[in-house]
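Keep in mind that what you see is a predicted model, and the values were worked out from it rather than measured. The sequence lines fix the lettering, A, B, ..., with proteins before strands; numbering per chain opens at 1. Only this structure's heavy atoms are used, side chains among them; waters, hydrogens and symmetry mates stay out.
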Number of protein chains: 2
Amino acid sequence: MPSDQQSEHSDQVVDELDARLLLLLTDEPRLGVLECSRRLGVARGTVQARLDRLVERGVLTGFPPALDLGAMGFGLTAFAVVEIAQGRRAEVCDGLAAIPEVCEVHATTGQGDLFVRVVARSNSDLQRVVDHIVDVPHVRRLSTSIALSTPVPPRVRPLLERVKGRPPK
Amino acid sequence: MPSDQQSEHSDQVVDELDARLLLLLTDEPRLGVLECSRRLGVARGTVQARLDRLVERGVLTGFPPALDLGAMGFGLTAFAVVEIAQGRRAEVCDGLAAIPEVCEVHATTGQGDLFVRVVARSNSDLQRVVDHIVDVPHVRRLSTSIALSTPVPPRVRPLLERVKGRPPK
DNA sequence: ATTTCTCAGGACAATTTGTATAGTGATCTA
DNA sequence: TAGATCACTATACAAATTGTCCTGAGAAAT
C-alpha cells in the first residue's frame, strides 16, 4: 500500500490509549498498574505493555518527585539572559551548572546567548546568586528579570488531550 | 542504640534525612516505601512519616510522569517574551493558556511582561504557534528565541545535595 | 492463507502496602 | 527536675499489588 500516512501505527508515537493512560497518571501519579487498567477499562497486561513501550520509546522517562521550591524556602524565581564570550559556551555552562540555584540553562538563538532559570530565598539571596553567575568566567553581560507570578505552570496536559481527542487521522 | 544527634526543628523545612529520601526518589522514583527504608537504613514507618510530612508541608507535591516532548514529536522548544497592553494580563494569560503548545507562562519584571515557553513539531509548526500567540487579544509585541540546546536540564538535585551535605545548624 | 501483533482474561507466588501497637531515648515545658 | 511530647525502631497481619507466564481472539501485514 503506497501511503504517506499509515493506518494506525508507524508515525503515531502516542495513540489515544497511551494519551489516556498518561493523562490518568498525570492526574493521579501514584496509581498502580492494576488501578490504571480498571480506570481505563482494559486488561492489566495491556497497561503494563503500554507503559513499557512508552518507556522504551523514551516518551515516558520516569516519575520524578515534584518538589515545590517555594515550600522549601526558595520563594524567588528569576530568569537571566546571559551574554557570553564567543565560543565559550561549554565553559560557561559548566560554571553555571556548578551553582545549585541554577535550575535550568538553555542555549538560544539571538546572539549565542544563554537563558537561565534561577531560584533564591530572597532578594538579597538572589543578589548573591546573580553575583555568582557574573563571576563565571566569560560571562559578559547579565540581564535578570524576576518572576512575579506564574499564570501557567509547567504543563503537558493540553498536548496529551489533543492526542486523546483526535485519534490518529 | 539509635545514633541520634539531631536537635533543630524550627526553621529547617527539609532536614538531612528528608533530603536523602528525596534524592533517592529523584534517582529512582519508582522505589516503594519499603525499599527506601532499606536504602536509607531507617525503619519503614519513618520513611512513611517523612513522606507524609513532606506532602503535608507542600514540599512534595507528587510524582507526575515525566514526558519527553522531543520523543513525542515536539522537538522544538522556544521562549517568547511577550509585551501586552497594560492591565490586560489576565485576559492574555487566558488566551495563552488555551494554546496547547504553550507549556509555561510567567509574569516578569522588566521590559517584556510575560515570559512564555512553547514547543512545536518543526519550524513551520512554530510559526503557526507564534501566529496563534500574536493573535491573542492585547498582545502587543512578541520576541521569540529558539532553544538550540539545553546544557542544564531542569533540576533540583544540587539544592537537595546542599541540604544533605550541610546538616541544620 | 499464514504469520505477526496487540489485547483481554486468568492464574500464582512473592512482595508491598496500609495500619496498628509497644518500647526507647531525647527534647520541651511547666 | 518531673512529666509530657516527639521521632524513630521494631513487629505484626490482612489485603492488595506486582511480576510473570499462558491461552485465545481479532486485525493487519505478507
Identify which nucleotide among D/dT17, D/dA7, D/dT20 has an atom closest to any side-chain atom of B/R53, counting heavy atoms from C-beta outward.
D/dA7
Could you check how far CZ of B/R38 sits from P of D/dC8, rounded to whole Å?
19 Å
Would you kindly give the CG-to-P distance between B/L51 and C/dT19, to the nearest whole Å?
15 Å
What is the distance, rounded to the nearest whole Å, between atom CG of A/D18 and atom C1' of C/dT6?
12 Å
How many whole angstroms separate atom CZ of A/R20 from atom C1' of C/dC7?
13 Å
In this structure, how many angstroms lie between the P atom of C/dG9 and the CG atom of A/L34, rounded?
14 Å
Length of the line joining B/Q48:CD and D/dT9:P, which is rounded to integer Å
13 Å
Side-chain ion pair, B/E161 and B/K164, N-O less than 4.0 Å
no
B/S122: side-chain hydrogen bond (donor to acceptor under 3.5 Å, both in side chains) partners, not counting sequence neighbours:
B/S124
Restricting to side-chain hydrogen bond (donor to acceptor under 3.5 Å, both in side chains), what partner residues turn up for A/D68, sequence neighbours left out?
none
Separation of A/D52 atom CG from D/dT18 atom P, in whole Å?
13 Å
Need one value for A/R30: base, sugar-phosphate or nothing, where a base atom within 4.0 Å counts as base even if backbone is also close, heavy atoms only.
nothing
Against the side chain of B/V42, the closest entry in D/dT9, D/dT20, C/dC7 is D/dT9
Just to be sure I understand the rule, does A/G45 reach a base, reach only the sugar-phosphate, or reach nothing, if contact means heavy atoms closer than 4.0 Å?
nothing
Other residues, nucleotides and ligands only: do more than 12 of their heavy atoms fall within 6.0 Å of CZ on B/R155?
yes
B/R44 side chain, from C-beta outward: closest of D/dC8, C/dT19, D/dT18
C/dT19
Whole-Å gap separating C1' (C/dC5) and CZ (A/R50)
11 Å
